[in-house]
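See below for the structure under consideration.
In this chain, residues are counted from 1 in sequence order.
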Amino acid sequence: MHYTGTIWRPPYEADSLLLEVTAGCTHHKCKFCTLYSDLPFKFRMSPIEDIESDLLEVQVLRYNPASMMTAKLQGLSRPKLFHRVFLTGANPFVLKTEKLLEIAALIRKYLPSVESIGCFARITDSKKKTDEELILLRQAGYNRLTIGVETGDDTALSFMRKGYTSQDILTQCKRLEQAGIEYGFFYLTSISGKGKGEAGAKSSADVFNQLNPFLIGPNMLTIYPESELYQEIQNGNWEEEGELEKYRELRVLVENLNISTYFAAMGASNAFQLHGHLPEDKEKILEALDRIISEVSEEDLRRYRQKLPHL
């Protein structure tokens with residue numbers, strides 16, 4: 001299999017086949033992001049020959065004697081079939097519709113058991129695709145995209161140089177919905193900065209409440225010395241929220257959400273794993289957040305953050 005640099009995937013894609021079709025990010029300007037700084041280029045699409053070679057490798061592996069033996073040791077008659085493929089890279093959905101359809105056709109050719117194709121996507125990836133093209137992509141299996149919207153706070157989006165506005169989030173996600181393409185959101189707690197997180201959370205809830213994400217997955221903003229945001233902090237242009245303030249922000253977000261979605265603060269950056277269906281589990285999640293805010297010290301939370309791996 002061809003893999004370039006560190007491979008990132010959402011926690012809920014653990015059972016998906018990870019297929020590299022791109023590496024890097026077309027935007028690569030967000031002030032806080034260091035995820036693809038280990039690559040010597042900004043963005044690259046994999047040669048179609050490499051993609052086909054990887055799919056053939058997976059197909060052959062199913063009948064490999066070692067794989068068959070491993071399956072038997074697991075009590076299976078043969079290795080499990082893949083039902084979902086996750087395309088790697090920051091935003092493979094930016095590829096032209098013709099290329100995405102070609103990739104989907106190759107997946108069906110070599111792995112006919114696959115029912116859906118997911119990937120990370122930017123809000124701007126669908127701008128150059130027509131409504132008809134989005135429908136074609138849904139018919140080809142593209143569904144349940146993961147979008148790092150981060151926030152609905154326009155001031156924070158602009159400062160962090162995300163490259164879109166809250167109105168863009170509404171416009172493009174509604175287009176995805178009309179095409180039948182489901183999507184989930186990553187929310188970045190603390191992106192609005194010290195003293196502004198609760199207002200940012202309310203703005204985000206106002207945006208999210210007009211949409212239908214299958215999931216909202218909060219992660220805590222982690223600032224690394226090589227990021228541009230770190231330099232902004234050194235220059236006095238931005239200040240990070242305190243650890244308890246981040247949980248108060250998260251509480252405001254949950255309190256103001258009134259849509260049906262799955263709330264999952266499950267990433268490694270979250271000291272406490274919080275999850276549940278909204279609105280059914282809203283009170284349970286709010287109670288958990290209240291306990292954290294009232295019973296956990298700022299210092300304990302800071303110590304946890306300091307133990308995070310340097311990514």
Side-chain angles (χ1 to χ4, degrees), residues 10-14 32 146-157 159-160 162 166 169 173 183-223 229 233 238-309 311:
Y12 45 84
E13 296 284 1
F32 55 82
T146 297
I147 305 174
V149 294
E150 323 301 6
T151 183
D153 175 0
D154 279 314
T155 300
L157 288 171
F159 179 80
M160 294 297 178
K162 285 297 297 180
S166 60
I169 297 173
C173 287
Y183 56 86
F185 286 156
F186 276 178
Y187 174 85
L188 200 52
T189 311
S190 186
I191 193 173
S192 295
K194 185 175 182 179
K196 302 175 183 177
E198 293 188 23
K202 288 180 181 178
S203 296
S204 299
D206 288 343
V207 173
F208 299 167
N209 284 338
Q210 299 177 62
L211 299 168
N212 297 283
F214 72 84
L215 171 141
I216 295 175
N219 293 291
M220 295 290 177
L221 174 63
T222 303
I223 302 164
L229 182 58
I233 295 171
W238 191 87
E239 191 172 356
E240 184 181 12
E241 287 182 337
E243 298 303 320
L244 285 172
E245 186 179 359
K246 293 173 185 175
Y247 280 94
R248 286 193 288 269
E249 173 187 338
L250 207 52
R251 191 193 191 287
V252 170
L253 177 68
V254 174
E255 187 176 32
N256 284 274
L257 286 171
N258 57 29
I259 53 174
S260 177
T261 190
Y262 190 71
F263 181 87
M266 302 284 285
S269 64
N270 296 288
F272 295 90
Q273 307 289 293
L274 304 167
H275 59 94
H277 292 277
L278 298 179
E280 302 97 305
D281 298 321
K282 177 183 280 194
E283 291 306 316
K284 180 186 73 174
I285 296 171
L286 289 176
E287 288 172 5
L289 287 165
D290 285 338
R291 285 196 298 273
I292 293 168
I293 293 166
S294 63
E295 299 175 11
V296 182
S297 72
E298 180 85 14
E299 185 58 33
D300 284 344
L301 289 170
R302 188 178 297 112
R303 276 198 293 267
Y304 173 84
R305 301 281 294 160
Q306 291 171 345
K307 293 179 181 177
L308 288 175
L311 301 177

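- Closest of all the heavy-atom pairs between S269 and T222 is CB-OG1, 4.1 Å.
- Under a 3.5 Å cut-off, the side chain of N209 and the backbone N or O of N256 do form a donor-acceptor pair.
- When every heavy atom of G267 is checked against every heavy atom of N219, the shortest pair comes out as CA-OD1, 3.8 Å.
- For the atom pair NZ of K202 and CG of D153, the computed distance is 13.0 Å after rounding to the nearest 0.5 Å.
- For the pair E240 and K246, the salt-bridge criterion is met [side-chain N within less than 4.0 Å of a carboxylate O].
- Considering all non-hydrogen atoms of both residues, M266 and Q273 come closest at O-OE1, 2.6 Å.
- By the 4.5 Å heavy-atom criterion applied to side chains, L278 and I285 are counted as neighbours.
- Between F272 and L301 there is a side-chain heavy-atom pair separated by less than 4.5 Å.
- Using a 4.5 Å cut-off on side-chain heavy atoms (C-beta onward), I223 and W238 make contact.
- Between atom CD of residue Q210 and atom CD1 of residue I259 there is a gap of 10.0 Å, rounded to the nearest 0.5 Å.
- Partners of A288 according to the side chain to side chain contact (heavy atoms under 4.5 Å, CB included) rule, which considers only residues two or more places apart in sequence or in another chain, are L274, R291.
- Contact check on E299 versus R303 returns a salt bridge, with a Lys/Arg side-chain nitrogen under 4.0 Å from an Asp/Glu carboxylate oxygen.
- The nearest pair of heavy atoms linking Y247 to A271 is OH-N, 3.4 Å.
- In terms of heavy atoms, F208 sits closest to L257 at CB-CD2, 3.9 Å.
- The side-chain heavy atoms of P218 and F263, taken from C-beta on, include a pair separated by under 4.5 Å.
- Looking at heavy atoms from C-beta onward, M220 lies in side-chain contact with L250 at the 4.5 angstrom threshold.
- L253 places none of its side-chain heavy atoms less than 4.5 Å from the side chain of E249.
- No donor-acceptor distance shorter than 3.5 angstrom exists from the side chain of E150 to the backbone of L157, with no hydrogens or angles considered.
- Rounding to the nearest 0.5 Å gives a distance of 6.5 Å between CZ of F159 and CG of L229.
- For the atom pair CD (E245) and CD1 (I293), the distance works out to 11.0 Å, reported to the nearest 0.5 Å.
- Across all their heavy atoms, G152 and S166 have their closest contact at O-CB, 3.6 Å.
- Taking CE of M160 as the start and CG of L188 as the end, the distance is 7.5 Å to the nearest 0.5 Å.
- Enclosure of atom NZ in K282 by more than 12 non-hydrogen atoms of other residues, nucleotides or ligands within 6.0 angstrom is indicated.
- Among the candidates T146, T151, L211, the single residue satisfying the side-chain contact (heavy atoms from CB on, under 4.5 Å) test with F185 is L211.
- Here the side chain of E298 pairs no donor or acceptor atom with the backbone of G242 at under 3.5 angstrom.
- The CG atom of D154 sits 13.5 Å away from the NZ atom of K162 when rounded to the nearest 0.5 Å.
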